[in-house]
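In what follows, every heavy atom counts, from backbone to side chain, and hydrogens, waters and symmetry copies are set aside. Position 1 is the first residue of the sequence; numbering continues from there.
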Amino acid sequence: EAQVAETGGGSVQAGGSLRLTCTASGLSFEDTYMGWYRQASDNACEFLSIIRGDGSTSYGDSVKGRFTISQDSVRLSVYLQMNSLKPEDTGVYYCAADGPRYTIPGSCPSTRAYRWGRGTQVTVSS
């Protein structure tokens, strides 16, 4: 059975950096889009970034230029390097397999992705 799990959340001051790791099992990175989402409010599961099997990437407007997604196909891991963090980046961050490249109405996890991790909390203080 495919599984994903996030690590690396924590608390940081505005302007700081964090790196999140998503570790997968039971998946082939060649065939799977791996993405990061954020639950920052009750109304939306915000799309942050996605990486395809060929290494191409997409980013949500709110994180472009600050966040970088990458993957290690040998370790079946996907990383989200977050720089220049802002208080509005606070939320629960989720890794998902085969999720959409847009913000999902409602809550994470959602039926719009194949597999979700349990999430990791990121808190950015001003």
Asker: Looking only at the side chains, is there a donor atom on one of Ser58 and Arg52 sitting less than 3.5 Å from an acceptor on the other?
Answerer: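 A pair is found: one side chain offers a donor N or O, the other an acceptor, under 3.5 Å apart.
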Asker: Regarding Thr32 and Asp98, is there a side-chain donor-to-acceptor distance under 3.5 Å anywhere?
Answerer: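 No, Asp98 and Thr32 have no side-chain donor paired with an acceptor closer than 3.5 Å.
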Asker: Rounded to the nearest 0.5 Å, how far does CZ of Arg66 lie from OG of Ser84?
Answerer: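 Here the rounded value is 7.0 Å.
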Asker: Between Gln39 (side chain only) and Gly91 (backbone N and O only), is there a donor and an acceptor less than 3.5 Å apart?
Answerer: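 No: the side chain of Gln39 does not pair with the backbone of Gly91.
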Asker: For the pair Glu6 (side chain) and Arg118 (backbone), establish whether a donor and an acceptor sit closer than 3.5 Å, ignoring hydrogens and angles.
Answerer: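 The answer is yes, because a donor-acceptor pair under 3.5 Å joins these two groups.
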Asker: Does Ser77 form a side chain to side chain donor-acceptor pair (under 3.5 Å) with Gln71? I'd like the steps, not just the answer.
Answerer: CA-CA 6 Å; Ser77 294; Gln71 67 182 8; over 6 Å; no
Asker: With Arg101 as the cation and Phe47 as the aromatic partner, state whether NZ or CZ is under 6.0 Å from the six-membered ring centre and within 45° of the axis.
Answerer: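 Because its charged atom misses either the 6.0 Å distance or the 45° angle limit, Arg101 does not stack over Phe47.
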Asker: Considering non-hydrogen atoms only, spot the tightest contact between Ser49 and Leu80 and give its length.
Answerer: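 Closest pair (atom of Ser49, atom of Leu80, distance): CB-CD1, 4.3 Å.
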Asker: With a 6.0 Å cut-off on ring centres, are Tyr37 and Trp116 close enough?
Answerer: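 Yes, ring centres under 6.0 Å apart.
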Asker: Checking the side chain of Asp31 only, and the main-chain atoms of Ser28 only, is there a donor and an acceptor separated by less than 3.5 Å?
Answerer: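 Between the backbone of Ser28 and the side chain of Asp31 there is no qualifying donor-acceptor contact (under 3.5 Å).
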Asker: Taking atom OG of Ser11 and atom CG of Leu85, what is their separation to the nearest 0.5 Å?
Answerer: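 So the gap between those two atoms works out to 11.0 Å.
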Asker: Minimum heavy-atom separation for Gly10 to Leu18, with atom names?
Answerer: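 So the two residues come closest at O-CD1, 3.9 Å.
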Asker: Between Phe29 and Ala24, what is the shortest heavy-atom contact and its length?
Answerer: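 Looking at all heavy atoms of both residues, the closest pair is CE1-CB, 3.9 Å.
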Asker: Are any side-chain N or O atoms of Thr90 and backbone N or O atoms of Thr123, one a donor and one an acceptor, separated by less than 3.5 Å?
Answerer: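 No; judged by distance alone, with no hydrogens or angles, the pair does not exist.
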Asker: Testing the basics here: between Met34 and Leu27, what is the closest heavy-atom pair and its distance to 0.1 Å?
Answerer: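 Scanning both residues completely, I find the closest heavy atoms to be SD-CD1, 4.1 Å.
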Asker: Measure from the side-chain N and O atoms of Gln81 to the backbone N and O of Thr68, and report whether any donor-acceptor pair falls under 3.5 Å.
Answerer: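 No, because the side chain of Gln81 does not come within donor-acceptor range (under 3.5 Å) of the backbone of Thr68.
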Asker: Is it the case that the side chain of Arg115 and the backbone of Ala97 share a donor-acceptor pair, with hydrogens and angles ignored and the cut-off at 3.5 Å?
Answerer: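 Not a single qualifying donor-acceptor pair exists.
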Asker: With side chain to side chain contact (heavy atoms under 4.5 Å, CB included) as the test, would you mind laying out the steps for Met82 and Val122 before giving the verdict?
Answerer: CA-CA 10 Å; Met82 306 186 295; Val122 171; 4.0 Å; yes
Asker: Please report the shortest heavy-atom distance between Tyr94 and Gly117, naming the atom on each side.
Answerer: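 Residues Tyr94 and Gly117, closest heavy atoms: CD2-O, 3.5 Å.
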Asker: Out of curiosity, Thr57 OG1 to Ile50 CD1, how far, rounded to the nearest 0.5 Å?
Answerer: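 CD1 of Ile50 is found 10.5 Å from OG1 of Thr57.
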Asker: Measure the spacing between CD1 of Ile51 and CH2 of Trp36 and express it to the nearest 0.5 Å.
Answerer: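 Between Ile51 CD1 and Trp36 CH2, I get 12.0 Å after rounding to 0.5 Å.
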Asker: Is a donor from one side chain sitting under 3.5 angstrom from an acceptor on the other, for Ser62 and Glu46?
Answerer: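 Per modelled atom types, Ser62 and Glu46 side chains form a pair under 3.5 Å.
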